[in-house]
Amino acid sequence: MTSLFALVDCNNFYASCERAFNPTLNGKPIVVLSNNDGCVIARSGEAKALGIKMGAPYFEVRDLAEKEGVHVFSSNYEFYGDMSRRVALILQEYTPNLEIYSIDESFLDLGNFLHVDLEGYARGIWERVPRTTGIPVAVGVSSTKTLAKVANRLAKKSAKANGVLVLTDPAHIEAALKRTEVGDVWGVGRRYAKKLAQYGIYTAHDLTLKPDSFIKKHMTIVGLRTARELRGEPCIDLEMAPQPKQNICTSRSFGETLTELKDIEEALAAHTVRCATKLRKQQSCCSALTVFLETSRFALSYQMYFNNRTVQLESPTASELVLVPQALEALRAIFRQGFRYKKTGIIVSGIVPANQVQQSLFEPDHRQRDQELMQALDSLRSRYGHRSVFYGVQGTGGKWQMQNSHLSPCYTTRLEDLIRAK
DNA sequence: TCTGGGGTCCTAGGACCC
DNA sequence: TCTGGGGTCCTAGGACCC
């Protein structure tokens with residue numbers, strides 16, 4: 001075996017974050033809701049045991065939650081992001097070769113650690129992260145990222161593993177693959193699982209036995225890569241430096257149904273500002289933007305309407321002074337009177353590095369001035385909050401604002417405020 | 001009454017070119 | 001009956017991830 005990866009995955013991450021600063025929640029069922037308190041996106045073990053399903057609409061589980069005394073939280077991404085960074089800082093002490101894969105998962109490349117006591121190494125992480133951050137984790141180790149995922153999943157499920165599983169012995173790997181449903185493999189979703197079942201493939205082990213040609217035919221080369229990884233052949237590298245995004249999308253469902261263009265314009269202007277801010281943060285400009293507008297997918301008694309419009313920009317930009325008016329113009333072009341709208345958003349694409357943008361010959365020379373203004377705005381907003389400077393068109397009514405009636409206090413931000421005040 | 005918000009990659013097919 | 005043979009670029013759609 002030449003390669004070795006560890007996957008460290010935070011247990012019930014959002015629920016664990018809420019618990020980390022509020023020990024009275026230990027042992028209690030917790031759920032965290034999506035934006036607008038729409039559906040359940042995280043559950044503590046106790047909440048899972050009550051039968052509350054991932055992704056369930058909250059209105060369907062509310063009665064049960066109230067009856068069982070479930071602690072309910074609106075999602076607080078600023079807080080979870082802070083906690084995620086704290087966990088990553090600890091993991092960085094274990095290896096410089098760290099890939100922060102998502103808000104609650106990191107891969108560690110242990111390439112040359114074959115000679116060390118892997119069990120003890122993994123157990124060390126398992127013990128230290130919760131002690132320092134309050135967030136419990138599970139650790140899976142194996143020779144490919146996909147197998148490390150399998151190991152991690154079993155580490156969580158198996159009482160014997162107790163949060164840590166090292167899969168390096170071929171017999172252990174085979175046993176692990178036999179008890180892993182193919183749909184639970186990283187890269188194999190529900191659709192493929194259903195299709196594979198038609199061919200008698202039910203477990204990860206079944207998949208490894210199929211010829212490459214079969215897998216490629218039915219699951220493209222992406223699926224083939226997954227199968228090879230399950231066989232122990234590394235195909236997916238660690239990505240230590242996050243690639244700049246090729247598309248950036250900012251959208252929200254409205255807190256209530258909207259019918260007036262003006263209210264929707266306020267929402268879209270705010271989304272566009274946030275989107276442009278993300279664009280500048282990765283030092284990019286976009287060449288095109290797409291605005292979309294939708295009614296509810298669920299309100300079947302009302303007429304539905306979905307539309308979008310793409311605008312090619314004269315030259316790549318990250319300036320709100322260009323993007324906001326263009327987005328609003330696109331919105332006005334697709335807005336129709338008489339529908340009950342639920343969501344709008346913007347996607348920017350054709351993304352290029354900001355330092356490679358060439359100005360069009362015929363364009364008035366606003367670029368420099370815009371850039372300086374955007375820098376000033378970014379700095380003000382990062383210091384005083386994103387609502388400290390905004391455009392008139394964003395309005396102050398905020399009819400579109402999200403409903404989140406179960407928000408926890410922002411513990412980490414508050415902590416930093418206290419430190420700053422000292 | 002009430003159903004999230006981001007992203008990625010691959011493939012097929014059409015338009016168009018020589 | 002036969003109906004060239006490549007290329008490239010773009011887009012829509014389908015699959016996946018957290």
Discussion item. What is the separation between atom CZ on A/Arg62 and atom C1' on B/dT1, rounded to the nearest whole Å?
Written reply: 9 Å

Item to complete: Provide, to the nearest angstrom, the distance between the CZ atom belonging to A/Arg274 and the C1' atom belonging to B/dG4.
Response: 13 Å

Worksheet item: Base, sugar-phosphate alone, or nothing: which one does A/Lys342 contact when heavy atoms must sit under 4.0 Å apart?
Response: sugar-phosphate

Item to complete: Could you tell me whether A/Arg190 contacts a base, only the sugar-phosphate backbone, or nothing, with contacts defined as non-hydrogen atoms closer than 4.0 Å?
Response: sugar-phosphate

Worksheet, complete the sentence: Of B/dT8, B/dT3, C/dA15, the nucleotide closest to the side chain of A/Tyr192 is C/dA15

Practice prompt. Compare side-chain N and O positions of A/Lys343 against OP1 and OP2 of B/dG5 and report whether any pair is under 4.0 Å apart.
Written response: yes

Worksheet item: What's the closest nucleotide to the A/Phe298 side chain, out of B/dG4, B/dC2, C/dC18?
Response: B/dG4

Discussion item. Tell me the interatomic distance from A/Leu224, atom CG, to B/dC9, atom P, rounded to whole angstroms.
Written reply: 18 Å

Worksheet item: Can you check salt bridge (charged side-chain N to carboxylate O under 4.0 Å, His left out) on A/Arg123 and A/Glu127, steps first, answer last?
Response: CA-CA 6 Å; A/Arg123 187 61 71 186; A/Glu127 189 273 333; over 6 Å; no

Item to complete: Just compare C/dC16, C/dC18, B/dG4 and give me whichever is closest to any side-chain atom of A/Tyr77.
Response: B/dG4

Practice prompt. Answer yes or no: does a side-chain N or O of A/Lys195 lie under 4.0 Å from OP1 or OP2 of C/dA15?
Written response: no

Worksheet item: Would you say B/dT8 has OP1 or OP2 under 4.0 Å from some side-chain N or O of A/Asn247?
Response: yes

Discussion item. Within the supplied structure, the quantity of interest is the number of heavy atoms (other residues, nucleotides, ligands) at a distance under 6.0 Å from A/Arg332 CZ; does it exceed 12?
Written reply: yes

Discussion item. Using whole Å, what does the distance between atom C1' of nucleotide B/dT8 and atom CD1 of A/Ile221 come to?
Written reply: 14 Å

Fill in: Spacing between A/Asp184 atom CG and C/dC16 atom C1', to the nearest angstrom
14 Å

Worksheet item: Which nucleotide, B/dT3, C/dC18, B/dT8, lies nearest any side-chain atom of A/Glu105?
Response: C/dC18

Practice prompt. Select from A/Lys278 and A/Gly38 the residue whose nearest nucleotide in DNA chain B is closer to the 5' end of that strand.
Written response: A/Gly38

Discussion item. Pairing check on C/dG5: which nucleotide meets the Watson-Crick or G-U wobble criteria with it, both distances under 3.5 Å?
Written reply: B/dC18

Response to the item:
Residues A/Phe13 and A/Met83: closest non-hydrogen pair is CZ-CB, 4.1 Å

Worksheet item: When you check the phosphate oxygens OP1 and OP2 of B/dT8, does a side-chain N or O of A/Gln243 lie under 4.0 Å from one of them?
Response: no

Worksheet item: Under 6.0 Å between the ring centres of A/Phe292 and A/Phe306?
Response: no

Discussion item. Let's see if you can work this out: which of B/dC2, B/dT8, B/dC10 has an atom nearest to the side-chain heavy atoms of A/Phe59?
Written reply: B/dC2

Practice prompt. For A/Ser75, report the nucleic acid contact type (base, sugar-phosphate, nothing); a contact means any heavy atom under 4.0 Å.
Written response: nothing

Discussion item. In whole Å, measure the gap between the C1' atoms of C/dC17 and B/dG4 for me.
Written reply: 15 Å

Worksheet item: Charged N to carboxylate O under 4.0 angstrom, A/Arg153 versus A/Asp9?
Response: no

Item to complete: Ignoring backbone atoms, test whether A/Ser253 places a side-chain nitrogen or oxygen under 4.0 Å from the OP1 or OP2 oxygen of B/dT3.
Response: no

Worksheet item: Within this structure, what is the CD-to-P distance between A/Gln246 and C/dC10, rounded to whole angstrom?
Response: 14 Å

Worksheet item: What is the nucleic acid contact for A/Asp37, judged by heavy atoms within less than 4.0 Å: base, sugar-phosphate only, or nothing?
Response: nothing

Worksheet item: side chain to side chain contact (heavy atoms under 4.5 Å, CB included) between A/Leu196 and A/Val188: does it pass, once the steps are laid out?
Response: CA-CA 10 Å; A/Leu196 291 171; A/Val188 183; 4.2 Å; yes

Fill in: Listed nucleotide nearest any side-chain atom of A/Lys149, set C/dC17, B/dT8, C/dA15
C/dC17

Discussion item. Can you measure A/Leu33 atom CG to B/dG5 atom C1' for me and round it to whole angstrom units?
Written reply: 14 Å

Worksheet item: Any idea which of B/dG7, C/dC17, B/dT11 is nearest the A/Trp186 side chain?
Response: C/dC17

Discussion item. I want to verify a distance call: between B/dG4, C/dC17, B/dG7, whose nearest atom is closest to the A/Ser34 side chain?
Written reply: B/dG4

Discussion item. Using whole Å, what does the distance between atom P of nucleotide B/dT3 and atom CD of A/Glu294 come to?
Written reply: 13 Å

Discussion item. With a sphere of 6.0 Å drawn around NE2 of A/His218, does it hold more than 12 non-hydrogen atoms of other residues, nucleotides or ligands?
Written reply: yes

Worksheet item: Hey, does A/Val185 reach any base, or is it just sugar-phosphate, or nothing, if we go heavy atoms under 4.0 Å?
Response: sugar-phosphate

